[in-house]
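We name chains A, B, ... by the order of the sequence lines, and we start the count at 1 in each one. Because only heavy atoms are used, hydrogens play no part in the values below, and waters and symmetry mates are left out as well, while side chains stay in.
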Amino acid sequence: MKIKLSKKWLASPYVIWMIGFIILPLITIFIYGFTVSKTDSSFTLDNIINAAKDEVNLKAMGLSLLISLISTVICFLLAYPLAMCLNNLKMKRKTFVVFLFILPMWLNFTLQMTAINAILEQEGILNLILTKLGMDPLHIANTPYAIVIGMILDYFPFMLLPIYNVISRIDHRLIEASRDLGANNFKTFFKIIFPLSLPGVISGVTMVFVPAISDFAIAEILGGGRLLLVGNIIEQDFKLGKYNTGSGLALILMAFVLITMALTSGKSDKEGGSML
Amino acid sequence: MKMNHNFSRVRRICVELVLVSLIAIVAIGTFTACSSKEKLYVLNYGDYLDPEIVSDFEKEFGVKVIYDEYPAPEDMYAKVTSGADKYDVICSSEYMLEKLMQNDLIQPFDPANIPNYANLSNQALTFMKMIDPESKYVIPQFWGTVGILYDSTKVSAEEVSSWSVLMDEKHKGQIVMPNSERDSMLVALKILGYDINTKDKKQLDEAAELLIKQKPLVQAYLLDKAARMKIVSGNAKMAVVYSGEAFLANEANSNIKYSIPKEGTNIWLDAWVISKDAPNKPLAEKFLNYLCEPEVALKNFEYIYYTTPNQAALDLIDDEKVTSNNAMFPDDSIKENSTVFKYLGAEIEEYYSMLWKKIKSE
């Protein structure tokens, strides 16, 4: 008996995984999102229209959008200079960069968030230092600021790595040529380095923004239950058995993600070099 | 040619690996299926039963307990109605049990199989009758009140004798409210002087309005241990908590006290029921009877420090400090203006969740 194996066969474990945990749930969300209730399976758009009209949902969506945008921008502002620095380091060993990338993941996520909370709390470490220095204590805990800090901490590596990878692959001769032709550092950066690194930036922005907008765990831990993001509303709806309205909202969120991907596709790093 | 040869070896190894793992899976499957022990499926709040009690029960009766936990009553309901798992016994809160009862999801127990029922205190049984008038379904596990946990060095006992202290601008950013819609609404309803089980949407709107007004004063919405820790660590002056947290907070810092405001409060009751489609009802009854044994109830009381409904267990406690604790054992006068939460029906439940979202999104 001859067993025929092609290389494609090796992908089958993941294909099974994908069907079970991505495709099927997606279909279920679509079915729930477009039907009236568990017992009444007639087609409707009400779930989506109502979800989009609801004032509470709109507020939550606005807040989610704002928080994830700010987190993405700050991640970018932190990651880009760092990527440049890493690239200029004498020790250009990949292992070191991987180490930097992995380091934050050594800490358990929940502990990280709990620790941030302990630092930012009213009687926390930050305020202790501030009052010792004679300054007014800050009220950051349980506000959107705390969530932004948590998101930056959690998602930063996903911004750094793609940008670093693209920058490290920029042909140095192009930069030298630009200098030879009389461009100053400023001009070289904006005319040569930045445009060439754009694919990495776009990969990074997508990888931070997309998970951030649907996040609910960080908001739950660092928001002290005072803030409602889209993720939290979806979670609550499902908890209360309101699968149809929850799915409607999930579909709207999915639209946001798809728009982001449409805007960035084609421009992101095609060579796959932004991945390790 | 050499390459090719190697590659086919790799293939063979791959196939062998797959076969071996298949065999292993089948073997493990049969092994588990063959284990002859009776099984009991238990669903309870997180950290609400001393794990030793479960293992003791397993040893004593030669059975296997499959023990699942859930964070909030709504999660329990979703789990039970999804039908993915079947449970024998479920522990939850009064209004959820009423909901289970009304939706025909639980079955009565046979009193003859639970002789230890006689150990339960009259006080607890009175509260229980508010949801289960015929005492057919429910076996109390713990009960208590909702009140204000406060740091007596920062807030006076006089102030916290009324719920309205939670609306005082003076305490801005120092208040922790419960992250639970009914418990938060309870505070507002009591301040407004309404029934905590009201179904009047106008009254509920007013209460929600009040909570929205209060929100800028609230530091966080937390439950259980998280709320207690805010007070113990000195990060907040007062928190609305379940009475069980009071004893532990007081143990950690004797300046932390618990007050049941004069307007009255909610008396909560967590209890066990047998699921309608319980796979093993006789064993479920054995388990519930076991939990009602004085020594077992005492052990669990000493693990959680929530008020036990087991009179026989209470009689075993000789620590004056525990039995005289007013937070844990309020006197009968509390019944005058306090009551249990009733299940309000699907429509009001939905209305509550809508209001709660509104409060949270402000």
* Quickly, which of B/Lys154, B/His171, B/Lys237 forms a side-chain hydrogen bond (donor to acceptor under 3.5 Å, both in side chains) with B/Glu159? Name it, please. =>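 That would be B/His171; it is the only one of B/Lys154, B/His171, B/Lys237 passing the side-chain hydrogen bond (donor to acceptor under 3.5 Å, both in side chains) with B/Glu159.
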Using non-hydrogen atoms and a 4.5 Å limit, figure out which bit of [X] sits close to chain B: side chain, backbone, both or neither.
X	answer
A/Asp237	side chain
A/Glu220	side chain
A/Glu55	neither

Engaged part of [X] at the chain A interface, taking heavy atoms whose separation is under 4.5 Å:
X	result
B/Asn179	side chain
B/Pro71	neither
B/Glu350	side chain
B/Lys230	side chain

* Taking A/Gln236, A/Glu123, A/His139 one by one, which has the highest count of heavy-atom pairs under 4.5 Å against chain B? ->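 With the most close heavy-atom pairs to chain B, the winner is A/Glu123.
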* Using the ring pair (Phe, Tyr, Trp, His ring centres under 6.0 Å) rule, collect all pairs that involve residues 31-76 of chain A, keeping only residues at least two apart or in two chains. =>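 Applying ring pair (Phe, Tyr, Trp, His ring centres under 6.0 Å) to every pair that reaches into residues 31-76 of chain A, excluding sequence neighbours, yields A/Tyr32-A/Tyr243, A/Phe34-A/Phe43, A/Phe76-A/Tyr80.
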* Tell me yes or no: between the side chains of B/Asp270 and B/Ser93, is some donor less than 3.5 Å from an acceptor? =>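 Result is yes, a qualifying pair exists.
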* Does B/Lys201 count as lying over the ring of B/Tyr351, i.e. NZ or CZ under 6.0 Å from the six-ring centre, within 45 degrees of the axis? ->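 Judged by the rule, B/Lys201 and B/Tyr351 form a cation-pi pair.
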* **From CG (B/Asp183) to CH2 (B/Trp268), nearest 0.5 Å** =>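 Taking CG in B/Asp183 and CH2 in B/Trp268, the distance rounds to 10.5 Å.
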* Asked: Taking the side chain from A/Asn142 and the backbone from B/Gln219, do they hold a donor-acceptor pair closer than 3.5 Å?
  ->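 Yes; judged by distance alone, with no hydrogens or angles, the pair exists.
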* For B/Glu74, side-chain contact (heavy atoms from CB on, under 4.5 Å) partners two or more places apart ->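 B/Glu74: side-chain contact (heavy atoms from CB on, under 4.5 Å) contacts with A/Lys239, A/Leu240, B/Ala72, B/Tyr95, B/Met96.
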* Can you tell which of B/Glu362, B/Lys215, B/Lys357 has the highest number of heavy-atom pairs within less than 4.5 Å of chain A? ->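 Between B/Glu362, B/Lys215, B/Lys357, the count favours B/Lys357.
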